Structures are given as C-alpha cells and as structure tokens.
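Everything on this sheet refers to the single structure shown next.
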Amino acid sequence: MRDEAMEQGVQRIPETAPEPEARGLGFSIIYALASLGVYTAMLTPATVSLSLRISQLAPQDPAGGLAVIASVGGVCALIGNPLFGRLSDRCRSRFGRRRPFILGGLLIAVPSVLLLGLAPNLVVAGIAWCVAQLAIAGALASTTAVLVDQVPMRQRARMSGLVQISIYIAILLGTFLVRLTPTDPVLMFLIPACLAVLLTVPLLVVLRDPVLTQAATPERSRITSIWVSPRKHPDFGWAWISRLFVYMGAYVVTTFLTLMVIDRLGLDAAEAAQVVFLANLVYTGGVVVSALISGVFADRLRRYKPFVLCSAVVFGIGVLVLAFTDSLAAVLIGMLIGGLGMGTYASVDLALLTGVLPEGGNDEAKDMGLFQVAIALANSVVPALGPAFLAIGGGGNFTALFIASTVFAVCGALLILPVRKVR
C-alpha cells in the first residue's frame, strides 16, 4: 500500500497528522484568491443579482418572492456546510479530500446559476438557487478546511485576515460585475461563477491534498454524525455562540444601513444607494487595513482573545456614531471605525476557531462548516429582530437598533472568555 501510494505521487494521512509546515507569500495569495472566488460565487447572487432576477420574474411582488427563495436557499446552505464538510472529511478520492469538493462544487454551481438566469418562473428559479447553494456550500466547507490542513497555527491569524478580507472584496467585486450586465439575467449570474472557477484553479494545482486511508477514518463515520456536543467540547460551544453574537452585531449594520440613511439623511432610493456604496467602500477599507495589521501582531503574540475584545470595543464605538448620526460625514466616520473593529475581529476569527476544533476526529471541514452555520443563523435572525427594536417609541428608532448592534457584538466578545484552548 505504501509503495503504491509513493508510485502514484500521493501522500497519505497518518492517524495523527503533524503540524503543517510554514507557508510562504505565494501560497497565501493563491489561497486568498481561491477564497475570493468562492465568496464571489456565493455573495454576488445573495446581495445583488438574485434580487434583480426575482424582480424580473415577479414584478408584482418581488419582496415576497425573494423572501421565499432566499429563505429556502438559506436552509440549504445551513445543511450543506456541515454535510458536505463531513463528506469531504471522509473522502478517499485519489485526488485528495478537498479538491473534489472545491472543484466539483463550483462546476455544479455554474450550470445551476445559468438555469437561474434562464428560469421562466419562480419555481424553477428556486430549485436552481437551492442546488447552487448546496454546491457552493460544499466548495466553501472544503476551502475553509484547507486553513486547518495546510497552515500552521502560528500563521493562521494573518491567513484568517486574508480570507475574511476576501469576503468584503467579494461583495464589492460582485456589485461591480453586476453593474456591467444589469439587464442580462444570464451574465450577471454566470460571470461571478466562472470567475470563481478560474480563481480556484491555482489552489487546486499547488494544493498538497493527502489521500485519506481507512486507518485515518474514525469508526463513527456516518454522514449524519455532524453534531459537536457543547457538553463534551465546551470550547467549541463557546466559540460558536460567540461568533453568532458578533455577526448578529455586524449584520444589523449591513442589513439596516440603507433604511437608516434614507430616514436620517432624507434621501431617495437612488441617492441612498450611492451613499451606501460609498459607506461600504470606506467600511471595507477599514476592514482590510485593520485585518492585515492585526493578523501579523496576533500571530507574533499567539494571543487571540485580546483582539476579539478590542474589536468589539472599536466596532461598538463606530456603531454608536451611526446610532446618533444625522450627517453623511458622521455615517462615513462611523463606518470607518466599525470597519477597523471588524477587521481586527476578522484577523483572528478563523484562527481562533481552528484552535478549538475537537481533536483526533479528522472532521475539520465538517466542524468549520458548523461555524458557518452560526453566520447563516445570524443573517436569518437579524432581519426578524430588527423591526422589534425599530418599533420602540413609536417606530423608526434606529438609535435603539444600533445600540442593540453594539450590545450583540460586546456580548459575543465576552462569550469568548471561557474558551481555554486559546489565549
């Protein structure tokens, strides 16, 4: 078996995998580009093109159609991340564990979004979107697991920052791509998906993706075994709930910023769209600068909790500026400060999560997929909770809503304190 593996040029996973070797700048750039591609394929429809397509198919009630399709698609993403992560962890393909799901997921996503662009009605569009969500979830779970497989702990903070930066760049890139083809329902879906395939090819080429042996597969290898008990693994549970609250705080801003700008600044929809784009650009700039700097310091200090706590304070200051703003300048200042805070959190987020994974199970993709569920759940909970805070005092209370955002983020940071595996 060993001689055969060497002849085929593959590396087999031992029962106890050693610490990955240090990674250079080249691999970091390639991995960041692959992450950018996957997030572009996922976030462009979610933030822009799906809404435009639904408005074309159901002009009489686009909000209702979008709510149904986005909700069902969100459930598929919730299921797909840990499920396909589990399959990736158990994959014994000759091409490795991660390659088949990264490439296969994106190749399935391309015809799925093509069907979405050609869909004659909401039913077909909904089916296409669900398949695309499942496919992209498989690619995302395996791409995220590469961080655990291939990057040593001492480099994970800066790599975490690069991956999280790719999320914000993906949103801006997707918006730009859709603006090039706003009236073409096929190209506005197809271009981001094809770009994702192209951006992941270098990673697939250089990735040293070991072949999983039977010996490395735990006895409990059932696909349905995707739950991590917070009683048996309390650090995992604390990190999961912490991430949920932090992203609830962040999603309050991204979800309700447009409505706040219209209400506070007295703008129409077109003017508000321009302001929100500018605000998100400033926010992304803050994230990028802070994540790059914080990631380097976090790796040198080998400490993550102080960065999480600091991020909540800085983010909270920015959101409080938004809570009491009535001018464009204040909106931009608040978004810049908030971006600096989220960038600090982004620099250690994934690195911290990889430090609390249950040991000895070879379930990295599945476990990281469960952490993606926390983000998806936050994205679902915030739109439901938001109206309750806005209704305080008679309605339109954006001050109460953005104070709640600060509270969510601070609570999320404090919930990381009980974690013992990382400092």
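Small disclaimer: the values here were computed from a predicted structure and weren't measured. Values below: every heavy atom of this structure, side chains too, minus hydrogens, waters and symmetry copies.
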Legend entry - Residues Arg158 and Asp299 bridged, charged N to O under 4.0 Å: yes
Inset, instruction - Scan for ring-ring contact (aromatic ring centres under 6.0 Å, His included) pairs involving residues 119-146, sequence neighbours excluded, and state none if there are none. - result: none
Legend entry - Ring geometry between Tyr31 and Phe27 (parallel below 30°, tilted from 30 to 60°, perpendicular above 60°): parallel
Inset, instruction - Go through the side-chain N and O atoms of Arg98 and Thr143 and say whether any donor and acceptor fall under 3.5 Å apart. - result: no
Inset, instruction - Find the distance between CG (Asn81) and CD1 (Ile136) and round it off to the nearest 0.5 Å. - result: 10.5 Å
Legend entry - Atom CH2 of Trp240 with >12 non-hydrogen neighbours under 6.0 angstrom: yes
Inset, instruction - Measure the spacing between CD1 of Ile127 and OG of Ser112 and express it to the nearest 0.5 Å. - result: 11.5 Å
Inset, instruction - Report yes if some heavy atom in the side chain of Leu301 is under 4.5 Å from a heavy atom in the side chain of Phe307; otherwise report no. - result: yes
Inset, instruction - Measure the CD-CG distance between Gln133 and Leu140 for me, rounded to the nearest 0.5 Å. - result: 10.5 Å
Inset, instruction - Determine yes or no for a side-chain-to-main-chain donor-acceptor pair under 3.5 angstrom, with Ser88 supplying the side chain and Gly85 the backbone. - result: no
Inset, instruction - State, yes or no, whether a side-chain contact exists between Val253 and Phe402 at a heavy-atom distance under 4.5 Å. - result: yes
Inset, instruction - Answer yes or no: is there a side-chain heavy-atom contact under 4.5 Å between Phe408 and Val246? - result: no
Legend entry - Within residues 283-293 or reaching into it, pairs that qualify as side-chain hydrogen bond (donor to acceptor under 3.5 Å, both in side chains) - sequence neighbours excluded: Ser290-Thr344
Legend entry - 4.5 Å side-chain heavy-atom contact, Gln164 and Val287: no
